[in-house]
2 protein chains.
Amino acid sequence: MRVKEVAERLGVTADTVRFYTRIRLLNPNTNPHNQYKEYSHADVERLKFVVAARSLGFTVEDISTIIAKAEDHQSPCPTVRQIIEKRLEETERQFQDLIALRARMSAAIAQWEDTPDRVPNGHMICHMIESFAGGFSDDTEK
Amino acid sequence: MRVKEVAERLGVTADTVRFYTRIRLLNPNTNPHNQYKEYSHADVERLKFVVAARSLGFTVEDISTIIAKAEDHQSPCPTVRQIIEKRLEETERQFQDLIALRARMSAAIAQWEDTPDRVPNGHMICHMIESFAGGFSDDTEK
DNA sequence: ATTGACCTATGTCTAAGACATAGGTGTAGC
DNA sequence: GCTACACCTATGTCTTAGACATAGGTCAAT
């Protein structure tokens, strides 16, 4: 199978499969004539694993580590448990950040609802943003 | 003022200020002797705007656009309104994605709670991930 | 043999800084 | 004046996970 067929089968783009191949996460045979890659059943299985792990929040580097351990006949499970808990914490942080960002955006939009547009006056760039953010920080002197 | 002082005053890293300077979002004077940048009061004001806008979800490119409009004596307000609504939609999408991801991660962790670690058996890489993800997709034949 | 639609590999690009490196500054001690 | 030495600087490179652009290959219909 060539790259596009593999990609469609697993619901990812051909570029994604090419990317995984480029970083040697997949190692299909190469036709020496035209450099086309030929993906075997084993390659597809492996890709399936990669896609599943990605969908669980593992980074590509995480996945390389996990596969390397498995190929070395070590159980990757402890690593997997450890990584996913770290990723879950990160996700939680992103989540909080995103909630805060959304709140700021919504508040700004609400506050601007009845704010008239204004032409810049030389000491402000955009009064909406500047007045929304307030003093924002120190500015004692030059 | 030099880069570090400016950065500390606004609660960002010196690298951030250097980055904005590199892309000409800030244009401090340069000491021709050692290439050190000297930030004026006006530079600090401008950075303050950039930091405020970033915290509202504007990208650096958005901000460049806004500033360019303002310097051209056009009101940036319509642009600002338009951009922030787009960004808010994006944020909403990310938010949904993040919720789904978090749910998958939590479910996986819960399911693995009492799952024993296992050594790879040759046709699986990590039974936890593979069984969590299920068949995941088609796999008709080579 | 040629066309044309579709496919391929490879190189480059992205956002927003972080990090590494080599060199400059400035104060303290001599 | 000179030297340490801690701290600072500018610049170049690296990061993620692919997307996009380009040049060239494949293959069925003509």
Side-chain angles (χ1 to χ4, degrees), chain A residues 1-39 43 47 49-67 83 86-87 90-91 93-94 97-98 101, chain B residues 1-39 43 47 49-67 83 86-87 90-91 93-94 97-98 101:
Chain A
M1 287 159 57
R2 300 207 290 219
V3 64
K4 188 159 191 262
E5 187 180 349
V6 178
E8 278 173 359
R9 223 177 256 215
L10 292 193
V12 297
T13 71
D15 274 330
T16 295
V17 178
R18 285 195 196 98
F19 171 66
Y20 295 157
T21 304
R22 213 180 316 206
I23 63 175
R24 322 197 114 279
L25 202 49
L26 299 176
N27 300 290
N29 288 330
T30 297
N31 179 329
H33 172 53
N34 54 14
Q35 299 299 105
Y36 283 20
K37 308 297 185 292
E38 183 66 21
Y39 295 86
D43 291 320
L47 176 58
F49 174 78
V50 176
V51 171
R54 288 285 298 129
S55 84
L56 277 172
F58 293 89
T59 67
V60 168
E61 198 182 351
D62 291 339
I63 298 169
S64 295
T65 304
I66 293 165
I67 292 180
I83 292 173
K86 182 149 53 95
R87 295 283 169 260
E90 291 170 10
T91 302
R93 266 193 295 280
Q94 288 176 43
D97 290 352
L98 215 50
L101 173 61
Chain B
M1 287 159 58
R2 300 206 289 218
V3 65
K4 188 157 191 262
E5 187 180 349
V6 177
E8 278 173 358
R9 225 178 253 214
L10 292 193
V12 297
T13 69
D15 274 330
T16 296
V17 178
R18 284 195 197 100
F19 171 64
Y20 294 157
T21 304
R22 213 179 316 205
I23 63 175
R24 320 199 111 274
L25 203 50
L26 300 176
N27 300 291
N29 288 329
T30 297
N31 180 328
H33 172 54
N34 54 14
Q35 299 298 106
Y36 283 21
K37 309 296 185 294
E38 183 64 21
Y39 295 85
D43 291 320
L47 176 58
F49 175 77
V50 176
V51 172
R54 287 286 298 129
S55 84
L56 278 173
F58 293 89
T59 67
V60 167
E61 199 181 350
D62 291 339
I63 297 169
S64 295
T65 304
I66 293 166
I67 291 181
I83 292 172
K86 182 150 51 93
R87 296 283 169 260
E90 291 170 10
T91 301
R93 267 194 293 282
Q94 287 177 43
D97 290 352
L98 215 50
L101 172 61

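Per chain, numbering begins at 1; letters A, B, ... match sequence-line order. Everything quoted here is computed from the prediction, not taken from an experiment.
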Return the value, rounded to whole Å, for the distance between atom [atom1] of [X] and atom [atom2] of [N].
X: B:I23; N: C:dA18; atom1: CD1; atom2: P; result: 13 Å
X: B:E38; N: D:dA10; atom1: CD; atom2: P; result: 10 Å
X: A:Q94; N: D:dT16; atom1: CD; atom2: P; result: 15 Å
X: B:N31; N: D:dT11; atom1: CG; atom2: P; result: 12 Å
X: B:F19; N: D:dT9; atom1: CZ; atom2: C1'; result: 19 Å
X: A:H33; N: C:dA9; atom1: NE2; atom2: P; result: 13 Å
X: A:L25; N: D:dG18; atom1: CG; atom2: C1'; result: 13 Å
X: A:Y39; N: C:dA9; atom1: OH; atom2: P; result: 6 Å

Side chains of [X] and [Y]: does their closest heavy-atom pair fall under 4.5 Å?
X: A:T59; Y: A:R87; value: yes
X: B:I63; Y: B:I67; value: yes
X: B:V3; Y: B:R18; value: yes
X: A:Y20; Y: A:R54; value: yes
X: B:V17; Y: B:Y39; value: yes
X: A:V6; Y: A:L47; value: yes

Query raised in the report: Taking N and O atoms by type only, does the side chain of B:R22 place a donor or acceptor under 3.5 Å from a partner on the base of C:dG17?
Result: no

Look at the side-chain N and O atoms of [X] and state whether any lies under 4.0 Å from the OP1 or OP2 oxygen of [N].
X: B:R18; N: D:dT11; answer: no
X: B:T13; N: C:dA18; answer: yes
X: A:T16; N: D:dA17; answer: no
X: A:Y20; N: D:dG18; answer: yes
X: B:K37; N: D:dT11; answer: yes
X: A:R2; N: C:dA9; answer: no
X: B:N34; N: C:dG23; answer: no
X: A:Q35; N: C:dT10; answer: yes

Report summary line: What residues 59-67 of chain B contributes to the DNA chain C interface at heavy-atom separation below 4.0 Å is B:T59, B:V60, B:E61

Query - Intermediate values then yes/no, side chain to side chain contact (heavy atoms under 4.5 Å, CB included), A:R2 and A:E38 - result: CA-CA 5 Å; A:R2 300 207 290 219; A:E38 183 66 21; 3.9 Å; yes

Query raised in the report: Should we say atom CD of B:Q35 is surrounded by more than 12 heavy atoms from elsewhere, each under 6.0 Å from it?
Result: yes

Report summary line: Winner on side-chain proximity to A:D15, out of D:dA19, C:dT8, C:dG17, is D:dA19

